[in-house]
Amino acid sequence: MALAININDLLNKQKIESNRIEFKKGWNPGSIYHSICAFANDFDDLGGGYIIVGVDTDDKTGMAIRPVEGVPIEKIDGILQEMVAYNNKMSPYYLPRTSVEEVDSKQVIVIWCPAGSYRPYSVPVNVTAKGSKEYFYIRSGTSSIEARGEVLVELRELANRMPFDERGNSDIQLEDISLVLLRDYLVKVGSKLADEVITTPLATILDQMELYTGPKENRLLRNVAAMMFCENPNKFFPYTQIDVVTFPNGKMKDPNNFTEVTFKGSVPQMIKQTMDYIKSNVLKEHVRKVSGRQEAERFWNYPYDAIEEAVVNSVYHRDFLQHEPIEITIEPSGISILNCPGPDRSISKEEITKGDMLKSRRYRNRRLGDFLKELDLTEGRSTGVPTIQAKLAENGSPRAIFETTDDRLTFFVTIPIHEECSDSSETKSESSGTQLKSSGTKPESSGTKPESSGTKLKSSGTQLKSSGTRQKTSDKIIEMIKKDPQITAPQIAMELGISTRGVEKNLRQLRETGTLKRVGSPTFGGYWEIINLDNN
């Protein structure tokens with residue numbers, strides 16, 4: 001069978017984590033079947049793994065040595081026949097997928113071991129010997145080890161926790177799968193199966209991609225097949241959609257003034273349509289001239305990569321059994337993404353509030369994550385939150401905020417706007433215009449100096465206007481504190497339609513001038529005290 005992923009991506013450990021790939025210089029069925037068993041058990045819910053026979057590794061880097069060793073052609077058929085017998089020694093029966101690939105003008109055997117549907121699996125300590133004792137194996141880093149003690153107990157419990165996307169669904173029929181979406185995916189990931197889609201029965205292709213489950217007499221397509229390759233997955237999972245709602249003046253300030261756009265389709269289609277819309281209608285690059293410096297500073301109101309990572313993760317981690325759409329709200333102060341349900345309870349609320357890394361060993365849609373990684377839409381391995389924060393930092397933007405409820409019914413991600421972009425809509429328009437003018441006149445930069453100077457004057461005038469606005473903002477904050485002394489900075493930001501950082505800046509100035517005083521901690525009933533309004 002042909003692989004559903006490009007062989008060079010495996011050899012270079014791209015798109016697939018290194019602990020899911022194992023290189024073997026030669027055919028050694030004893031140790032190889034320990035790894036097959038470990039990948040099938042998939043203790044960490046990573047999605048199984050790949051064993052490549054005929055490839056040696058560098059001891060220092062763990063990377064494949066090129067050119068590869070290869071497997072002699074005359075031995076390949078014998079190895080594949082041996083595997084038929086060894087597969088029967090696994091309990092319960094497990095069938096890894098094999099593919100003979102040409103690399104560096106030599107043949108290698110790729111053994112694909114997807115996570116098994118009937119785990120836990122055991123295998124004799126030596127499949128080549130008779131009466132050998134059976135053990136359970138799991139992956140520990142890049143090695144396969146015997147599962148013992150509490151680990152073995154937890155491994156046995158995994159039998160009751162199959163991710164939703166890997167479960168069979170009797171409602172999904174072959175005619176629901178789009179050949180166009182399927183081939184488009186295979187082309188993008190560089191799979192040889194793309195050339196076989198037209199000539200090979202669809203059921204055979206899907207079977208080779210491990211998208212069927214169940215016994216031969218009752219083969220069922222997995223839920224992930226509809227998520228990825230169905231034009232209308234709403235048919236099986238109601239409200240599989242992304243709603244983008246824009247409040248130009250802020251949700252609290254002007255709740256009746258909004259526009260709403262809904263995107264439906266397969267998971268890759270939804271992600272692409274949503275990001276195309278945000279890129280065209282929301283993202284703006286700003287240019288700021290710095291006195292005494294030849295090059296201008298460039299930054300975005302929101303970095304594209306951070307928004308994309310947040311959108312992809314909202315789809316990847318959503319519960320498709322819950323009939324709730326993903327809701328993206330765009331306001332002057334930032335973009336928020338509401339998803340149902342919240343993170344797994346294995347992640348503490350403190351970790352969520354800290355917003356550095358959210359690591360869970362239980363995935364709702366493990367296989368969907370594999371597909372998205374192969375499309376370069378996500379990296380997996382709990383890197384989503386660090387990626388978002390890193391991209392925001394590179395852009396000079398405030399950190400993202402992650403929140404959930406005590407009952408974990410929702411997950412709320414807020415990505416604040418760059419603080420230099422949170423002025424009036426007039427300021428944004430001027431910044432956007434400056435950027436367009438700059439890119440359009442770049443070849444004739446010497447002739448645009450007078451215009452550039454005029455732009456600086458405009459920018460200076462805008463700063464004065466912004467300073468006047470800041471004074472009014474301070475007054476508004478004082479009025480809000482009068483009404484509710486326990487109000488928080490994020491609540492003020494939401495009410496005024498500005499960034500949280502902007503509110504904190506105003507609060508700091510009010511405290512420095514002796515107008516405000518903070519009493520106690522926000523966690524334990526703290527409040528604001530107005531000391532002297534004359535100072536304001």
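Between Glu101 and Lys192 there is a salt bridge, since a side-chain N of the basic residue sits under 4.0 Å from a carboxylate O of the acidic one. Residues Arg139 and Asp44 are not paired through a salt bridge, judged by the lack of any N-O separation under 4.0 Å between the basic side chain and the carboxylate. Of the charged side-chain nitrogens involved, none lies within less than 4.0 Å of a carboxylate oxygen, so that Lys106 and Glu69 do not count as a salt-bridged pair. Arg97 has a carboxylate O that lies under 4.0 Å from a charged side-chain N of Glu210, or vice versa, which qualifies the two as a salt bridge. Using a 4.0 Å cut-off between charged side-chain N and carboxylate O, Asp243 and Lys264 make no salt bridge. Salt bridge annotation for Lys188-Asp376: absent, with no cationic side-chain nitrogen under 4.0 angstrom from a carboxylate oxygen. Under a 4.0 Å N-O distance rule, the pair Lys24/Glu22 qualifies as a salt bridge.
Checked by atom type and distance alone, the side chain of Asn339 pairs as donor or acceptor with a backbone atom of Ser314 at under 3.5 Å. A donor-acceptor pair under 3.5 Å links the side-chain atoms of Thr61 to the main chain of Met63, judged by distance alone. With hydrogens and angles disregarded, no donor-acceptor distance shorter than 3.5 Å links the side chain of Asp9 to the backbone of Ile16. In this structure a side-chain-to-backbone donor-acceptor pair under 3.5 Å is missing from Ser140 to Ser143. With hydrogens and angles ignored, the 3.5 Å screen pairs no side-chain donor or acceptor of Asp165 with any backbone N or O of Val224. Listed for the Glu331 side chain is a donor-acceptor partner under 3.5 Å among the backbone atoms of Lys251. Formation of a donor-acceptor pair under 3.5 Å by the Arg20 side chain with backbone atoms of Gly48 is found in this model. Using modelled atom types, no side-chain atom of Asn41 and backbone atom of Phe43 make a donor-acceptor pair closer than 3.5 Å.
In terms of heavy atoms, Pro29 sits closest to Val127 at O-CG2, 3.7 Å. Here the closest non-hydrogen pair linking Ile172 and Ala226 is CD1-CB, 3.6 Å. The shortest heavy-atom contact between Pro341 and Phe411 is O-CB, 4.0 Å.
Tested against Glu166 for a salt bridge (charged side-chain N to carboxylate O under 4.0 Å, His left out), the candidates Arg119, Arg366, Arg367 yield a single pass: Arg366.
Remark: Lys279 is positioned above the aromatic ring of Tyr304, its terminal NZ or CZ atom under 6.0 angstrom from the ring centre and at most 45 degrees off the axis. Tyr316 does not carry Arg318 over the face of its six-membered ring by the limits of under 6.0 Å from the centre and within 45° of the normal.
With sequence neighbours left out, Tyr137 forms a ring-ring contact (aromatic ring centres under 6.0 Å, His included) with His34. Applying the side-chain hydrogen bond (donor to acceptor under 3.5 Å, both in side chains) rule to Gln269 yields the partners Glu231, Ser266; only residues at least two apart in sequence or on another chain are considered.
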Distance-only donor-acceptor hits, side chain of residues 71-86, under 3.5 Å, sequence neighbours excluded:
residue: Glu82; atom: OE1; partner: Trp27; partner atom: NE1; Å: 3.1
residue: Glu82; atom: OE1; partner: Tyr86; partner atom: OH; Å: 3.2

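For the atom pair Leu174 CG and Leu221 CG, the distance stands at 6.5 Å (nearest 0.5 Å). In this structure, CD on Glu403 lies 10.5 Å from CG on Leu338, to the nearest 0.5 angstrom.
Between Phe229 and Phe371, the ring center distance clears the sub-6.0 Å criterion.
Relative orientation of the Trp112 and Tyr50 rings is parallel, given thresholds of 30° and 60° on the angle between their planes.
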